[in-house]
Amino acid sequence: MSDEMMQAAAIETPAEIGFAPDATMEEALAALMEQIMAVYSVSDDEGPLTDMVERFLRRQPHLTVRRHGDTLVASTDLGRERRVILCGHLDTVPVIDNFPPRWLESGDPAIRGEIAAAHPDERVMWGRGATDMKASDAALLYLAATLTEPKVDLTYVFYDHEEVVAEKNGLRKVVQAHPEWIQGDFAIIGEPTNCGIEGGCNGTMRFDVVSHGVAAHSARAWMGENAIHKAGEALARLNAYEPQAITVDGLEYREGLNATLISGGNGTNVIPDECRIHVNYRFAPDKDIRQAKALMMGADAGAELNNGEHTATGGVFEGFGIEMKDESPSARPGLDDPLAQSLVGLVRERTGREPVAKLGWTDVARFAALGIPAVNMGAGDPLLAHKHDEQVPESDLTLMAGILRDWLG
Ligand SMILES: N[C@@H](CCC[C@H](NC(=O)CCC(=O)O)C(=O)O)C(=O)O
């Protein structure tokens, strides 16, 4: 599609979000999806979308709405015996030529082959956040407006900063500032799962592997030490690493160790005195953070240097400087909880899907730490999360909203 055509088909930013009172579920979901997709909400820029979602939630008389920063917590207070928490993050990863969004009509070549094959004659929403996770957000907003008499009390959480460093996570901040807002018997995180159940999650940690050198003129390289060349050894160790698949409580978690960023050098004719490889380690729930760190940088993680850098005393990066950037724990599947079991049963009936492991990191780990059983269940294909051509068929929204409406209603 040419830039001009893309421009013509792009969805414009709405003034408000909402749907007509006589809209069918399909129409309401399509309207909500289109509206929230059209509001740019890359992490750090969630404010305008949060404001719109807040106004939408405050128009629902059966909900009590609270806000902390850019996180919204809306709850029913019907005095039911149990409470279920439904969570969706409003932020997306950075845009790569995939904003503003557009509907792809059936037959559009931008529809991925597997989606076209499984959903012929169907519209597909394309653009940043389509699968991670605005399709689920749309479904949750629809439920928030229409489930006025659920059989359990409900708490909806729409939060900011899920895709970035853990200390910014909006759910983390609300749990810390207002723990009484986030209480319940079970939680569902709407991360993409193709409307199946994905149990637990891999843990994730990110750190810089730092090599040092000595700057000099590149015409007199013997006067210096090349930090980028030294980093070659760290890249070789990454290449040699063989990721494992580890089964925990019946679900298989694939681990991963990857460089995701690299930087170094400060002049085209200067021998670089520092090189940084940003590494992301995904570890299965058979390990806690301490064990995962030991595998990367040794049991004592080195002695702290003045600049916050540690020298790895063992593990994959033994001998290199390590600067920790972020760490988030893994979570076991926890599917033995009776509420999880009943949801697994309904999902199996509607989709034919058996539970699988969640390979990304999600806030089920936060709920696990709070002692609240939680699962991932959301619209969209997790394999398309963060991809340039993120997209979701329209019927995924109806499937997710329908399952949850029938389970909760
Ligand atoms: N603090 C972490 C946050 C990373 C969160 C992100 N989660 C997802 O993409 C879930 C999507 C899915 O797998 O369904 C992630 O795993 O990268 C950090 O900054 O790394």
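Start at 1 with the first residue, then count along the sequence.
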**OP:** Could you label the plane-to-plane angle of the F317 and F207 rings as parallel, tilted or perpendicular, counting under 30° as parallel and over 60° as perpendicular?
**Re:** perpendicular

Original post:
Roughly how far, to the nearest 0.5 Å, is OG of S75 from CD of Q183?
Top reply: 11.5 Å

Original post:
Do the side chains of I289 and F283 get nearer than 4.5 Å, heavy atoms only?
Top reply: yes

Original post:
Is it true that R237 and E318 make a salt bridge, defined as a side-chain N closer than 4.0 Å to a carboxylate O?
Top reply: no

Subject >> Ion pair K230/E225, N-O distance below 4.0 Å >> reply: yes

Original post:
Between R172 and E167, is there a side-chain N and carboxylate O pair less than 4.0 Å apart?
Top reply: no

Original post:
Going by an N to O cut-off under 4.0 Å, is there a salt bridge joining K168 and D70?
Top reply: no

**OP:** For the pair R112 and D389, find out whether any cationic side-chain nitrogen is under 4.0 Å from an anionic carboxylate oxygen.
**Re:** yes

Original post:
Is there a side-chain contact between V364 and V375, using heavy atoms and a 4.5 Å cut-off?
Top reply: no

Original post:
For A187 and I372, which heavy atoms make the closest approach, and how far apart are they?
Top reply: N-CG2, 4.1 Å

Subject >> Other residues, nucleotides, ligands: >12 heavy atoms within 6.0 Å of E16 CD >> reply: yes

Original post:
Using the ring of each side chain (for Trp, its six-membered ring), is F19 parallel, tilted or perpendicular to Y142, with breaks at 30° and 60°?
Top reply: tilted

Original post:
For residues D77 and T64, is any side-chain donor paired with an opposing acceptor at under 3.5 Å?
Top reply: yes

Original post:
Is a salt bridge present between D185 and R83, judged by a nitrogen-to-oxygen distance below 4.0 Å?
Top reply: no

Subject >> Smallest separation among heavy atoms of N169 and E162, with atom names >> reply: ND2-CA, 4.0 Å

Subject >> Note: E252-R254 ion pair, threshold 4.0 Å (strictly below) >> reply: no

Subject >> Salt bridge present between R123 and E26 (N-O < 4.0 angstrom) >> reply: no

**OP:** Tell me, yes or no, whether the heavy-atom count around H178 atom NE2, taken from other residues, nucleotides or ligands under 6.0 Å, exceeds 12.
**Re:** yes

**OP:** Report yes if the side chains of C195 and V347 come closer than 4.5 Å at any heavy-atom pair, otherwise no.
**Re:** no

